[in-house]
Amino acid sequence: MNIIKDTQSNFITKIIDDDNHTKKWDERVHTRFPPEPNGYLHIGHAKSICLNFGIAQKYGGKCNLRFDDTNPLKEEDEYVKSIIDDVKWLGFHWEDEPLYASNYFEQMFDYAIELINQGNAYVCDLKSDEVKDQRGTLKNPGIESPFRNRSISENLELFKKMRAGDFLDGEKTLRAKIDMQHANLNMRDPVMYRILHAKHHRTGSKWCIYPMYDWAHGLEDSIEKITHSICTLEFEDHRPLYDWYLNSLEVYHPQQIEFARLNLNYTIMSKRKLKRLVDEGHVDGWSDPRMPTISGLKRRGYTPKSIKHFSDEIGVTKRDTVVDVAKLENALREDLNKRAPRVMGVLDPIKVVITNYPEGEIETLDAKNNPEDESAGTRKISFSKEIFIERNDFMEDPPKKYFRLSLGKEVRLKFAYYITCTEVIKNENGEISEIHCTYDPKTKGGMSDDGRKVRGTLHWVSASEYIEADIRLYDRLFKSQNPEASGDFVDDLNPDSLKLIKNAKLETCLSNAESKSIYQFERTGYFVLDSKDSSENNLIFNRAVSLRDSWAKLNR
RNA sequence: UGGGGCGUCGUCUAAUGGUAGGACACCUGGUUUUGGUCCAGGCAGUUGGGGUUCGAGUCCCUACGCCCCAGCCA
């Protein structure tokens with residue numbers, strides 16, 4: 001391919017190119033990724049991370065990892081740890097320590113005093129339901145708080161008392177004095193501070209008033225000298241307020257730009273809902289391999305590269321859309337196909353006896369580690385009179401296009417020999433218990449020099465030498481493209497999203513499988529050791545994604 | 001006639017006013033010691049209606065459709 005794709009270009013990079021051209025920010029580019037530590041990051045956040053850090057890389061700028069920790073009720077240290085891990089795992093770096101909104105609480109407080117002094121903010125005694133009643137509706141204007149015209153000195157005194165802890169939760173708020181008639185609800189005297197006597201994960205009990213998002217976020221961006229403050233579409237309505245605060249204070253003023261968040265079919269992306277899956281035990285925690293969390297994808301066997309590639313592929317726009325999860329799966333296959341070592345593993349074994357093969361003999365054969373990469377070399381595998389093949393690689397009564405094993409037919413055992421089925425042995429229930437074949441000694445290595453055509457090639461494992469492992473086959477967590485479309489998404493959980501396979505027979509080389517490596521089980525899919533439950537005595541492999549299967553497609 | 005956004009193949013995404021292109025999905029065929037990969041090909045789109053223009057996905061008008069907003073959440 002001779003066309004090198006420009007490292008991500010979209011409507012945001014166009015704005016930046018423009019800004020660099022006009023020297024709006026002195027050709028400086030500084031973004032930030034500002035998660036709230038109230039849950040684990042998911043693939044939607046990955047899009048934002050790739051965007052923000054990617055832009056910094058592209059322009060030789062910076063991107064801050066900043067925790068937007070302004071709500072002590074929801075935030076926990078466990079989440080900041082996981083977020084740091086996830087961003088690092090994706091391969092992005094930031095300068096020094098991660099930043100925290102809570103670092104700026106004192107500064108924000110001072111700015112609030114300034115706003116009060118300007119006559120632009122006031123302490124309001126209304127309770128939250130009263131504020132709600134007076135805010136008006138989408139179509140009708142709100143009414144002004146009776147406390148709106150308190151004197152500056154009274155506001156100052158009251159606000160300081162709020163901070164000092166003289167009031168109960170919810171008793172008072174600090175509000176911006178903007179316009180109760182404004183068509184944009186966000187501008188109807190929004191709350192800047194609420195009273196919360198709660199322990200904060202970083203500041204402990206130092207504060208009992210906490211800034212609201214709109215007040216805090218612009219200041220965080222301003223303090224950090226962010227140039228482009230990139231957020232999702234639902235904040236479009238908040239931009240006038242973002243601008244109002246920074247304009248009123250006459251401080252450094254970044255530009256907020258909104259883009260559409262990622263939606264995936266067969267997936268839910270809301271942190272609140274993912275938390276429910278965790279809390280109600282529908283999944284094995286935030287890192288369950290079926291979860292769209294970054295830690296879940298990691299445990300599933302996804303690679304940072306595949307996620308970044310996916311992120312590049314879906315682009316950045318303002319349309320809200322639903323991306324086909326197949327696109328994500330494809331990104332993984334694309335990455336793994338090139339570098340995953342191949343091994344053979346039989347998930348649902350049936351025994352094959354090669355009747356004309358010498359009893360007790362064990363042969364060592366060469367197997368390619370990766371046909372896509374000659375430098376991956378070869379390995380030794382052992383072959384014997386009895387082997388295992390996949391149960392569905394044999395059919396007694398095959399359809400025309402079936403070119404696997406059946407009575408009288410010849411197939412290739414990959415890297416070994418051609419075998420021909422001579423007899424099917426059944427137990428008293430009529431189930432196939434064993435298959436008898438003969439082999440052609442002249443086809444060692446899996447090739448004949450007489451031009452014979454063998455359509456089918458099967459993977460296999462020697463019954464004389466193998467290891468056993470449990471396999472977890474993962475499928476989509478939900479049955480419907482849009483799990484939230486009809487009622488409760490929990491009702492749409494796919495009962496077959498996890499299939500457990502006990503005692504699969506695997507090549508012995510897998511006994512020293514590394515948890516970091518992802519293997520392709522020939523003809524089956526990509527597998528990785530489960531980072532949580534696998535142990536030396538009980539190997540457990542997760543299927544990251546299956547191989548494309550045009551045979552299965554044909555049978556649909 | 002509350003405000004703010006958005007409409008391009010089935011899906012995602014490109015196109016200084018100048019041949020509507022790419023990816024995924026789907027379908028053919030070829031190669032293949034993975035029914036994988038790879039290769040070749042195919043299917044398929046500018047929400048509707050007007051206008052400006054030699055020329056409109058792009059500009060204007062209009063209609064329609066979809067999303068977001070009434071937390072002391074972010």
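In the text below, chain A, chain B and the rest are named by the order of the sequence lines, each starting its count at 1.
Ring orientation note: the planes of A:Tyr40 and A:Trp286 are close to parallel, at an angle under 30° on the 30°/60° scale.
Among B:U34, B:U13, B:C72, the nucleotide with an atom closest to any side-chain atom of A:Thr173 is B:C72. If you check B:G35, B:U34, B:C68 against the side chain of A:Glu234, the one that comes closest is B:C68. Residue A:Lys401 places its side chain closer to B:G35 than to any other of B:C72, B:C27, B:G35. With distances taken from any side-chain atom of A:Ala326 to the nucleotides B:G71, B:A25, B:C73, the minimum falls on B:A25. Picking from B:C72, B:C27, B:G3 the nucleotide with the shortest atom distance to the side chain of A:Ala183 gives B:G3. The side chain of A:Asn330 has B:A25 as its nearest neighbour among B:A25, B:A74, B:G36. Of the candidates B:A74, B:U8, B:G35, B:U8 carries the atom nearest the A:Arg319 side chain, counting heavy atoms from C-beta on.
Between the C1' atoms of B:A74 and B:U8, the separation comes to 33 Å (whole Å). Taking atom C1' on both nucleotides, B:C59 is separated from B:A23 by 30 Å, rounded to a whole Å. For B:A25 and B:C12, the P atoms lie 15 Å apart once the distance is rounded to whole Å. Of the C1' atoms belonging to B:U58 and B:A20, the separation is 12 Å, rounded to the nearest Å. Comparing B:A56 with B:G2, their C1' atoms are spaced 33 Å from each other, to the whole Å. Rounded to whole Å, the P atom of B:G65 lies 23 Å from the corresponding atom of B:U13. With both ends at atom C1', the span from B:U62 to B:C24 equals 36 Å, rounded to whole Å. Atom C1' of B:C9 sits at a distance of 12 Å from the matching atom of B:C26, rounded to the whole Å.
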Query raised in the report: What's the verdict on salt bridge (Lys or Arg N to Asp or Glu O under 4.0 Å) for A:Lys442 and A:Asp450, showing C-alpha distance, side-chain angles and the deciding distance?
Result: CA-CA 10 Å; A:Lys442 294 193 295 294; A:Asp450 57 4; over 6 Å; no
Query - From CA spacing to verdict: salt bridge (Lys or Arg N to Asp or Glu O under 4.0 Å), A:Lys58, A:Asp17 - result: CA-CA 11 Å; A:Lys58 171 170 176 162; A:Asp17 289 338; 5.4 Å; no
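Residue ring and base: A:Tyr213 does not count as stacked with B:A74 (centre distance below 5.5 Å and interplanar angle below 30° not both satisfied).
A:Glu507 and A:Tyr519 share no donor-acceptor pair across their side chains, judged by distance under 3.5 Å alone. Under 3.5 Å, the side chains of A:Ser480 and A:Asn482 contain no donor-acceptor pair of N or O atoms. Side-chain polar atoms of A:Thr378 and A:Asp366 form no donor-acceptor pair below 3.5 angstrom.
Just one of A:Phe527, A:Trp460, A:Tyr526 meets the ring pair (Phe, Tyr, Trp, His ring centres under 6.0 Å) condition when paired with A:Phe521; it is A:Phe527.
If you look at A:His217 and A:Tyr213, their ring centroids are closer than 6.0 Å. For A:Tyr266 and A:Phe478, the ring centers are positioned 6.0 Å apart or more. Outside the 6.0 Å centre-distance limit, the rings of A:Tyr79 and A:His201 are not counted as a close aromatic pair.
Within residues 449-460 of chain A, the residues having any heavy atom under 4.0 Å from RNA chain B are, by residue number, A:Thr457.
Using a 4.0 Å heavy-atom criterion, one finds that A:Leu547 contacts the bases of the nucleic acid, with or without backbone contacts as well. Nucleic acid contact class of A:Asp237 (heavy atoms, under 4.0 Å, all strands): base. When heavy atoms are screened at a 4.0 angstrom cut-off, A:Lys14 is found touching the sugar-phosphate backbone but no base atom. Here A:Glu236 lies in heavy-atom contact (under 4.0 Å) with sugar-phosphate atoms only. Here A:Thr524 lies out of heavy-atom contact (under 4.0 Å) with every strand. Among the atoms of the strands shown, none is found under 4.0 Å from any heavy atom of A:Tyr193. Among the atoms of the strands shown, none is found under 4.0 Å from any heavy atom of A:Leu241. Residue contacts for A:Lys127: at a heavy-atom cut-off of 4.0 Å it reaches a base atom on one of the strands shown. Heavy atoms of A:Pro371 sit under 4.0 angstrom from at least one base atom.
Listed by chain and number, the residues in a salt bridge (Lys or Arg N to Asp or Glu O under 4.0 Å) with A:Arg239 are A:Glu258 (sequence neighbours excluded).
Two residues are said to be in side-chain contact when any heavy atoms from C-beta on lie closer than 4.5 Å; A:Pro254 and A:Glu224 fail this criterion.
Side-chain atoms of A:His309 stay outside donor-acceptor range of the base of B:A23, with no qualifying N/O pair under 3.5 Å.
Note on A:Arg272: every side-chain N or O is 4.0 Å or more away from OP1 and OP2 of B:A74. Of the side-chain N and O atoms in A:Ser9, none sit less than 4.0 angstrom from OP1 or OP2 of B:A14.
Residue A:Asn184 is the one, among A:Asn184 and A:Asp69, whose nearest nucleotide of RNA chain B lies closer to the 5' end (criterion: closest heavy atom).
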Query raised in the report: Which dot-bracket string fits RNA chain B when only Watson-Crick or G-U wobble pairs with both atom distances under 3.5 Å count, crossing pairs get [ ], and | stands for a partner on a different strand?
Result: .((((((..((((....[..)))).(((((.......)))))....(((((..]....))))))))))).....
